[in-house]
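Heads up, the thing below is written out as structure tokens.
Throughout, a chain's letter reflects where its sequence line sits, starting with A, and its residues are numbered from 1. What you see is a predicted model, and the numbers here were worked out from it, not measured in a lab.
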Amino acid sequence: MDASAIVLFQADLRLADNKALFFACKNSAPIIPVFIYSPEDEGAWAPGAASRWWLHHSLSSLKSSLAAAGANLVIRRGPFAESVNRILAESGARSVYCNQRFEPAARRLESEVEASLAKLGVDFHRYNSSLLFHPELVRTSDDQPYKVFTPYYNRVTRLKSEQPLPRNKRLNPASVSLDSLTVSDLDLLPRIAWDEGLMSVWTPGEAGAQKQLRKFLSEGLALYAAGRDRPDKELVSRMSPYLHFGEISAQTIWQEVVRISETTGGGESGSEKYLRELVWREFAYHLLYHFPDTAEQPLRQNFEHFPWRRDAGGLKAWQLGMTGYPIVDAGMRELWKTGWMHNRVRMIVASFLVKDLLIDWREGARWFWDTLVDADLANNTLGWQWTAGCGADAAPFFRVFNPVLQGEKFDPDGNYVRKWLPELAKLPATMIHKPWEMPADVLGRYGVTLGRDYPEPIVDHSFARQRALLALAEIKGDQPGKGRLKKV
DNA sequence: TTCCACTTACA
DNA sequence: GTAAGTGGA
């Protein structure tokens, strides 16, 4: 009988189109599916509270799917490398299969495991089962990594993407019985029950991912080109947490969307726009892979001396959705209640924190990291650096969003604001994005007194815009940062 | 070198 | 229209 193979589940909590699982089975060794929870190995970026909530439910789902296919998921606590070695010793397994992760801490960890397995003479099989395009394979004509989205997009869309693998219906589990923690032992759920809102909108797990994809493909995709910018509608995919935890693969989504655009022909612009968003995710990983310190440091070095303001009160108001700008506050409250925020609104609230309050983008990244169910180091880093103007894509000058105009443009009826700010629900659409412009007595007739029911704006936008442009001018003469071009 | 592109704001 | 910087072919 063949020695068994350990399949390490990490950010690939699925059975379908999972290369590590597929090839472990194909090589016909009995398998031992393992998940090791090891936040200490993630350094500064251990999963936040919302991610831990998601992980709890996702692991429960994975465990049941594996059980239904005949295999037990072995759950352990880290440290990661030590746990792998222990399971090898306990099981006598002769090979380890896993899908690569691309975050800096995960890459270091993987090298460590690779070295220790080599010493033991255990085969280590690694696959990219999460990105459409491996970051190493996409280069400019100068053999450099890309730093601007559009040329990156033009490059990768000429590459061929892989076909997803079929799912193994039955697994061949190893007969050894290993100790395992339960999912609850990992203590991932919040102590105080703040997770009701998350519970009511999300179904973590592979089945939930498939269901959400079906819904998006039938209801959102055709209207996606314009609909993606409308937080008041339900037209975006909401696939981000499923992608982050690998409950569905990007290849699967890509192929489904391409298939639809080929058969329908008509709804094509929606498909194209959505595939473009998937490429943004690829680009985020491309950047984090080639510039691994960008989660902590601006890609452009001249931003290292940017005059950020320390403003604990402003930060708190932003976090709680109490800035006095309705579109910003609605977004921050959606985030707090549901662990997610519409992408258009993410850009607006991020611009507000960074440009209007002049608060360091890393404060925003931290808050998002703790509160988003889709918190993803690559996407989060790209998003915040893009907004701050210190990352990929030039033109920081263009990026001071006007929260009133953004609200009026993308939430024209005010329904998104009404949903998350019930205190403003009665205001007419014409004023709901700028209640301070109404005379106090008129506002009072709608039951709103500013400063009592809803805050006055904590900063005047046109003043803040000027202040941000001055701050940007201060660092303009500095070196933009060729230093980071070197590959690490 | 030259030219294009850029999830935009304000006049 | 103009503000206006930078990467990429």
Side-chain angles (χ1 to χ4, degrees), chain A residues 138-158 224-231 235-237 240 269-270 272-284 286-287 290-291 294 298-303 306 325 327 331 341-352 354-356 361 379-380 382-411 433-434 460-486:
Chain A
V138 185
R139 299 284 181 153
T140 67
S141 49
D142 296 337
D143 205 33
Q144 293 293 320
Y146 282 90
K147 293 171 89 179
V148 175
F149 176 73
T150 307
Y152 175 85
Y153 176 80
N154 292 334
R155 175 81 191 91
V156 299
T157 45
R158 287 200 304 272
Y224 188 74
R228 59 186 281 270
D229 275 324
R230 292 291 298 267
L235 297 171
V236 295
S237 75
S240 51
S269 64
E272 229 167 80
K273 285 282 188 218
Y274 185 66
L275 294 176
R276 195 177 169 88
E277 296 303 308
L278 283 179
V279 176
W280 269 104
R281 171 176 176 270
E282 297 290 316
F283 184 50
H286 178 83
L287 288 171
H290 290 290
F291 306 104
T294 52
L299 182 68
R300 291 166 195 274
Q301 284 182 340
N302 52 345
F303 272 82
F306 190 88
Y325 285 91
I327 191 75
M341 196 195 304
H342 188 282
N343 184 249
R344 166 56 55 181
V345 189
R346 291 188 197 201
M347 293 193 283
I348 300 169
V349 303
S351 173
F352 188 82
V354 163
K355 300 285 167 77
D356 286 66
W361 60 274
N379 289 330
N380 202 39
L382 175 140
W384 280 99
Q385 290 221 27
W386 181 88
T387 302
C390 60
D393 271 29
F397 183 86
F398 294 114
R399 269 177 227 137
V400 182
F401 281 31
N402 180 321
V404 175
L405 296 180
Q406 290 280 318
E408 288 171 346
K409 188 165 175 190
F410 299 114
D411 181 29
H433 292 292
K434 44 186 177 188
D460 174 69
H461 175 68
S462 56
F463 159 78
R465 180 171 188 276
Q466 289 307 314
R467 183 173 65 178
L469 293 179
L470 281 172
L472 284 166
E474 259 185 60
I475 60 162
K476 209 164 71 174
D478 301 355
Q479 263 297 322
K482 303 277 184 201
R484 270 177 217 294
L485 275 172
K486 285 198 301 295

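- For Lys147(A) and dG8(C), the NZ to P distance is 7 Å, given to the nearest whole Å.
- Between the C1' atom of dA3(C) and the CG atom of Leu469(A) lies a distance of 10 Å, rounded to the nearest Å.
- The separation between Glu408(A) atom CD and dT8(B) atom P is 17 Å, rounded to whole Å.
- Proximity of Tyr146(A) to the phosphate of dA9(C): a side-chain N or O atom is located under 4.0 Å from OP1 or OP2.
- For the pair Glu277(A)/Tyr224(A), a side-chain contact is recorded, criterion being any heavy-atom separation below 4.5 Å from C-beta on.
- Atom CZ in Arg276(A) sits about 12 Å away from atom P in dA5(B), given to the nearest Å.
- For the atom pair CD of Gln144(A) and CZ of Arg139(A), the computed distance is 7.0 Å after rounding to the nearest 0.5 Å.
- Residue-level contact check: Phe149(A) touches neither bases nor backbone, having no heavy atom under 4.0 Å from any strand.
- Tyr152(A) places its OH atom 26 Å from the P atom of dC4(B), with the value rounded to the nearest Å.
- Although no hydrogens or angles enter the test, the distance criterion places a donor-acceptor pair under 3.5 Å between the side chain of Arg399(A) and the main chain of Trp386(A).
- If you measure from atom OH of Tyr153(A) to atom C1' of dC4(B), you get 17 Å, rounded to the nearest angstrom.
- A distance of 6.0 Å or more separates the ring centres of Tyr153(A) and Phe283(A).
- Between the C1' atom of dT8(B) and the CG atom of Asp229(A) lies a distance of 12 Å, rounded to the nearest Å.
- Checking the phosphate oxygens (OP1, OP2) of dA9(C), a side-chain nitrogen or oxygen of Ser141(A) falls inside 4.0 Å.
- To the nearest 0.5 Å, the span separating OG on Ser351(A) from CG on Asp356(A) amounts to 6.0 Å.
- To the nearest 0.5 Å, atom CZ of residue Arg228(A) and atom CG of residue Asn343(A) are 7.0 Å apart.
- Between Phe352(A) and Tyr325(A), the angle of the ring planes lies from 30° to 60°, which puts this pair in the tilted group.
- Taking atom CG of Asn154(A) as the reference point, atom P of dA9(C) lies 9 Å away to the nearest angstrom.
- A distance of 12.5 Å separates CZ of Arg300(A) from OG1 of Thr294(A), quoted to the nearest 0.5 Å.
- A donor-acceptor pair shorter than 3.5 Å can be found between the side chains of Gln406(A) and Arg344(A).
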Could I get a table of every N or O pair under 3.5 Å where one atom is in the protein and the other is in nucleotides 9-11 of chain B?
| unit_1 | atom_1 | unit_2 | atom_2 | d |
| --- | --- | --- | --- | --- |
| dA9(B) | OP1 | Asn402(A) | N | 3.4 |
| dA9(B) | OP1 | Gln406(A) | NE2 | 2.7 |
| dC10(B) | OP2 | Asn402(A) | ND2 | 2.8 |

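- Secondary-structure stems of DNA chain B, taken as three or more successive Watson-Crick or G-U wobble pairs (i with j, i+1 with j-1) under a 3.5 Å distance threshold, comprise B:2-6 with C:5-9, B:8-10 with C:1-3.
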